[in-house]
Amino acid sequence: MSHFSAIAQVPGDPILGLLDAYRADPNPAKLDLGVGVYKDASGLTPIPRAVKLAEQRLLETEQTKTYIGGHGAAEFGERLLQLVLGTDSALLRDGLAGATQTPGGTGALRLAGEFIARNLPGRSIWLSDPTWPIHETLFAACGLRVEHYPYVGADNRLHVDAMLEALQRIPAGDVVLLHACCHNPTGFDLGTADWQRVLDVVKARELLPLIDFAYQGFGDSLEQDAWAVRLFANELPELLVTSSCSKNFGLYRERTGALIVRADSAGRLAAVRSQLALLARGLWSTPPAHGAAVVAEILGDAELKALWSAEVEGMRQRVASLRSGLVEALRPHGLAERFAHIAEQRGMFSYTGLSAEQVARLRTEFSVYLVSSGRASVAGMSEARLDYLAGAIARVCQA
Ligand code: LMR
């Protein structure tokens, strides 16, 4: 008898599956605009110099590989909290926020989902339409009811009024997931006035925001990207934030992130954190140490931090120039107007507006890999390949 005979094969992950297909493609002209990883002009995902230097120090100074605690390394948590909430945050001074280290931002989302499912029963989670596809499956796997509010419409434009109107109808107490910056998958972000309006609704409806903060530094700057998170943390008594070090520290495979909790008293914070430690024990026991040690080393050393901040800013500026470069490369094809939004969006991703059929043609005819939703990882482009990409887009856009 086969124990596995009734197991159905499921399609691969919509994003990571693309990586496998890209790697297996023998076409030397192939272009990977699928998974959100930054690539330099030579197509390599570099290890930041600050990370290398921190690793060298760790190699010399690290004395043990014993477990770190359920909340992870204390210095990592303290320094990440400062990066996210600000070095002068009154919340940190008053002990009203804590970080639980997780395997990447996805681990933080999973921990948040499990916490909501077990400790806040009956609450639904509301996601933007569209959102990162893993949000959908991850929260459903936690047993949460997943609902949606409008965000970007079929016209590939941000619909703030429709979003606010929908938020106003969410039952009191429900959880609303917001993207702090660099919205994944669209690249369309809320402006400061929009955030203020969202905050007003969140307060009025007594919603619990879960802010996904995976791209700090890729929008406007490390500080500016944290603006909405800090606004919400200072204005609301309770908040959850998932922070990722994958992109801005280039630590993708080291799985480094945290779930940050802001509570209205030290006692409530301690209670929530005790539940998180219990849940984490059943999920991954204790988090991986290396990436967090690197982050703590960088953030705890003024020189390394300055070097790292400059490297993040370099990546951010290069992605921004690739955006405008692609629009210019599309100009000779008469498509600059149609794709002007690519230069206006923020972060690693662009919702191009290309259809699933056009994305499929890009892949089969040109070995250009995008997510079928039309999301392109601009961070995966290179200056030298913009003309090739623009030509391919022009071909699939021909009637
Ligand atoms: C993406 O959306 O491509 C990134 O967040 C990486 C991932 O894990 O999917």
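In each ligand, atom 1 is the first atom listed, and ligand 1 is the first ligand listed. We're numbering straight along the sequence, starting at 1.
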- Task: Select all protein residues for which some heavy-atom-to-ligand 1 distance is less than 4.0 Å, and list them by chain and number.
- Result: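 Ligand 1 is contacted, at a heavy-atom distance under 4.0 Å, by I15, V35, G36, W132, N184, Y215, K247, F349, R375.
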- Message: Going by side-chain hydrogen bond (donor to acceptor under 3.5 Å, both in side chains), name the residues that satisfy it together with N184, two or more places apart in sequence or in a different chain.
- Response: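 Result, side-chain hydrogen bond (donor to acceptor under 3.5 Å, both in side chains) vs N184: Y215, R375.
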- Any pair counted as ring-ring contact (aromatic ring centres under 6.0 Å, His included), so long as it reaches residues 171-208, sequence neighbours left out: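 Of all non-adjacent pairs touching residues 171-208, those that pass ring-ring contact (aromatic ring centres under 6.0 Å, His included) are H135-H179, Y151-H183, H179-H183, W195-F232.
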- Message: With rounding to the nearest 0.5 angstrom, report the CD1 to CD distance, I298 to E311.
- Response: 8.0 Å
- Message: Working to the nearest 0.5 angstrom, can you tell me the gap between L239 CG and L208 CG?
- Response: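 One finds 7.0 Å between CG of L239 and CG of L208.
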Return all side-chain donor-acceptor pairs below 3.5 angstrom for residues 102-109, not counting sequence neighbours, or 'none' if the list is empty.
residue : atom : partner : partner atom : Å
T102    : OG1  : G104    : O            : 2.9
T102    : OG1  : A108    : N            : 3.4
T102    : OG1  : G257    : O            : 3.4
T102    : OG1  : A258    : N            : 3.2

- Among K39, R363, R385, whose salt bridge (Lys or Arg N to Asp or Glu O under 4.0 Å) with D32 holds? K39
